[in-house]
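In what follows, a single structure is set out as structure tokens and then discussed.
A note on names: the letters A, B, ... follow the listed sequences, proteins ahead of strands, and every chain is numbered from 1. Scope of the values below: all heavy atoms of this structure, side chains included, with no hydrogens, waters or symmetry mates.
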Amino acid sequence: MKRPGSQAPMDFIRTIIAEDLKANKNGGRVHTRFPPEPNGYLHIGHAKSICLNFKIAEEFGGLCNLRFDDTNPTKEEAEYVESIKEDVRWLGFDWGDRLYYASDYFDQLYEYALQLIRDGKAYVCDLSPEEIRAYRGTLTEPGKDSPYRNRSVEENLDLFERMRAGEFEDGACVLRAKIDMASPNLNMRDPVLYRMLHAPHQRTGNKWCIYPTYDFAHGQSDSIEGITHSLCTLEFEDHRPLYDWFIRQLRIFAPRQIEFARLNLSFTVMSKRKLLALVQGGHVTGWDDPRMPTLSGMRRRGYTPEAIRTFCERIGVAKKESTVDIGLLEHCLREDLNRRALRRMAVLHPLRVVIDNYPEDQVEYLDAENNPEDPAMGSRNIPFSRVLYIEREDFREDPPKKYFRLAPGREVRLKHAYYITCERVVKDEKTGDVAELHCTYDPETRGGWSRDGRRVKGTLHWVSAAHAGEAQVRLYDHLFVVPNPGDPKNGADFISLLNPKSLEIVSSCKIEPSLMSATPGTHFQFLRLGYFCMDAIDSTPERLVFNRSVTLRDTWAKIEKDRHKADPVRKAEEIKEVTPAHGQAGDIKTAGDKIAIDDFARVDLRVGVVREAGAVKGAKKLIRLMVDLGEGRLRQIFSGVRSAYPDPGVLTGKKVIVVANLKPRQMSFGLSEGMVLAGVGEDRLGIATVEGDLAPGDKVM
RNA sequence: UGGGGUGUCGUCAAGCGGUAAGACACGGGCCUUUGGAGCCCGCAUUCGGAGGUUCGAAUCCUCCCACCCCAGCCA
């Protein structure tokens with residue numbers, strides 16, 4: 001089955017709606033809503049819900065409302081309302097004139113409460129919050145009825161009116177539904193409907209000092225708005241019987257609630273609490289820090305609404321809790337930006353190149369296409385002259401195999417310009433670093449084509465030194481070093497999992513002249529580097545700042561990474577790194593010699609589960625593992641296998657074998673309390689992992 | 001040990017009794033004035049496990065296992 005007007009397959013929600021339509025429920029009407037609480041900024045997880053609600057309405061010829069669930073004046077702020085509206089609009093959705101607030105319905109909700117009281121279905125309860133909790137029972141034991149449960153209708157009416165009049169202190173009493181204190185569903189054990197809250201509300205001011213709970217407000221708000229399909233996240237599944245109970249008791253329009261799994265993204269966190277902790281802890285510069293998964297952060301980073309919408313479509317909707325690979329998000333951005341970004345040249349780490357045979361004062365303006373994907377985007381002129389900058393990375397004195405860039409004596413193409421050949425390397429006398437290159441160019445290759453048909457393997461980006469502008473460039477990487485920083489198994493201190501390299505600031509980058517007049521709304525591809533946009537906040541005419549939205553796919557980086565992994569020289573070093581620990585295990589003979597079984601028995605091998613794994617700052621070869629050996633605490637173990645695990649996070653959750661009775665070894669990075677077994681082969685190095693029904697601490701024999 | 005959910009490729013995700021879509025990732029190749037883009041090929045004999053029903057099961061039944069959510073006067 002396909003969605004109407006789309007190639008995407010039907011998801012379970014659309015299937016349900018289509019069935020409802022077929023059964024002529026709600027007179028063929030489809031009406032959804034996006035109901036944020038104005039207590040924080042929207043993030044990519046909200047985008048999933050926004051896309052779902054607005055697109056479903058669109059596809060089925062219905063409407064989608066924007067409604068703020070503002071039932072708790074102590075937590076919500078008007079500031080958030082504006083940012084949320086801006087974000088939804090930015091994503092490209094329109095709620096028309098249907099902007100609502102749960103607080104719009106406070107009068108009606110109050111009437112509903114009165115109705116329940118009159119019907120003997122609600123009562124005022126004087127139990128303290130602690131008592132209510134105690135009376136509620138537990139997951140396995142039923143609760144007890146409140147002593148106030150059987151107050152008369154008249155008394156309840158009087159008390160509730162006095163609650164409304166503000167006669168009681170906060171917490172002194174609440175209005176509760178009278179349902180069933182023995183229900184296996186805790187939500188049905190006489191839930192609170194109204195609580196005393198002497199707090200001004202940003203929309204209703206001082207009109208109320210009692211406020212409905214979310215549970216009492218949400219379903220009825222949906223009902224009032226005639227919402228046919230109320231889409232929400234999984235945790236509200238248990239609340240559905242309660243919402244349906246309210247609707248039934250009140251005899252009002254019944255929306256149909258459907259729950260779906262919220263979005264989790266790898267290498268970031270999504271909970272409001274954690275995002276707030278990042279902001280308040282100063283780990284990011286604010287809610288709109290380009291590393292944040294907030295829509296305002298992503299917008300600043302250079303994400304487009306189209307990319308986010310495509311992403312939301314591709315991840316699908318289901319009830320399975322899952323974590324989407326952030327690579328998919330990045331893919332969607334690249335896909336969109338490839339089509340629309342203007343190609344420009346910028347050099348992040350400049351290396352001076354002098355074209356010795358190019359006339360001293362000559363300047364040529366060369367034609368350069370703006371986007372090879374779309375000729376309609378036209379072209380621009382870029383200046384070429386005797387002194388240029390190229391990327392430092394694009395020159396190697398001693399080029400490895402498959403390195404196609406510049407090296408002594410080698411010829412490459414400068415994009416849109418000429419073939420050049422490296423003739424001479426000038427070095428800094430003190431440091432020995434490459435300071436400058438002297439090259440010659442072939443005047444016959446103007447535009448980058450050679451008449452004689454000779455080919456070059458590499459094409460470099462460049463900027464004319466005399467014409468270059470300067471800019472600061474901010475390179476972003478994943479916020480966390482592990483794929484699942486939000487996982488409770490990673491411990492409460494998810495802050496320790498932050499990626500120290502999530503932001504790299506590169507100053508004094510050289511940019512082609514046309515970039516000097518860039519504006520924040522424009523997306524660029526800096527050739528061979530990635531997609532960039534001007535920072536909307538920090539960029540000034542005096543100091544231009546560009547954010548890297550996402551890198552280009554980089555197959556060369558992959559080649560180098562693989563090479564690094566397989567490099568036999570490096571491997572030998574790894575082995576040395578591992579070796580010292582051997583000596584401490586006692587008189588264990590190394591492979592080759594036969595040992596007595598008693599010797600082996602001295603080594604206490606245990607199954608360990610890796611709970612955390614990360615690189616060690618300042619140590620190229622080490623990774624740090626926090627391993628669970630079932631001892632009620634984690635052991636810190638350093639292992640020299642970094643080359644095999646450029647991303648040590650992949651080890652998290654793996655079962656490994658630990659030599660558990662080694663004398664702890666003090667290293668400069670900390671105490672290493674054991675050793676994990678690893679295998680070393682011709683082209684391999686890796687930690688041995690085990691499978692099977694083994695628990696942390698199990699003895700390995 | 002109560003209730004509500006979920007388990008299909010490394011990650012998402014179709015499938016609804018007729019013999020495992022697609023996407024990302026990954027591997028290989030072609031092409032290329034971005035090692036970008038594009039194009040082509042490969043990538044689950046198997047659907048948490050075990051039984052059963054059936055000519056036929058990821059889909060139906062039974063039991064089991066794992067994971068998530070619920071004891072706010074938060075939403």
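Annotation: Phe524(A) is not in aromatic contact with Tyr531(A) [ring centroid separation under 6.0 Å not met]. Ring-centre distance between Phe480(A) and Phe267(A): not below the 6.0 Å cut-off. The ring of Phe384(A) has its center closer than 6.0 angstrom to the ring center of Tyr418(A).
The partner of C63(B), taking Watson-Crick or G-U wobble pairs whose two distances both stay under 3.5 Å, is G49(B).
The residue His218(A) sits apart from the nucleic acid: no heavy atom pair falls under 4.0 Å. At the heavy-atom level, Arg405(A) lies under 4.0 Å from base atoms of the strands shown. Within the nucleic acid shown, Glu373(A) comes within 4.0 Å of at least one base atom, counting heavy atoms only. Looking at heavy-atom distances under 4.0 Å, Tyr403(A) makes contact with a base. Within the 4.0 angstrom heavy-atom criterion, base atoms lie near Lys415(A). Backbone-only contact: Asp69(A) has heavy atoms under 4.0 Å from sugar-phosphate atoms and none from a base.
Remark: His331(A) is in phosphate contact with C24(B), judged by side-chain N or O atoms under 4.0 Å from OP1 or OP2. Applying the 4.0 Å criterion to OP1 and OP2 of A75(B), one finds that Thr71(A) has a side-chain N or O inside that range. For Arg528(A), a side-chain nitrogen or oxygen approaches OP1 or OP2 of G35(B) to under 4.0 Å. Look at Ser322(A) and you'll find a side-chain N or O under 4.0 angstrom from OP1 or OP2 of A13(B). Residue Lys320(A) places none of its side-chain N or O atoms closer than 4.0 Å to OP1 or OP2 of C68(B).
The side chain to side chain donor-acceptor pair (under 3.5 Å) with Glu391(A) is formed by just one residue from the set His349(A), His461(A), Arg528(A); it is His461(A).
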Shorter than 3.5 Å, N or O on both sides, protein versus nucleotides 69-73 of chain B: list them out with atom names.
unit_1, atom_1, unit_2, atom_2, d
A71(B), O3', Arg136(A), NH2, 3.3
A71(B), O2', Arg136(A), NE, 3.2
G72(B), OP2, Arg133(A), NE, 3.3
G72(B), OP2, Arg136(A), NH2, 3.1
C73(B), OP1, Arg136(A), NH2, 3.3
C73(B), OP2, Arg136(A), NH1, 3.2
C73(B), N3, Gly171(A), O, 3.4
C73(B), N4, Leu127(A), O, 3.0
C73(B), N4, Pro129(A), N, 3.3
C73(B), N4, Gly171(A), O, 2.8

Below 3.5 Å is the cut-off: list the nitrogen or oxygen pairs between protein and nucleotides 26-30 of chain B, distance only.
unit_1, atom_1, unit_2, atom_2, d
C26(B), OP1, Lys558(A), NZ, 3.1

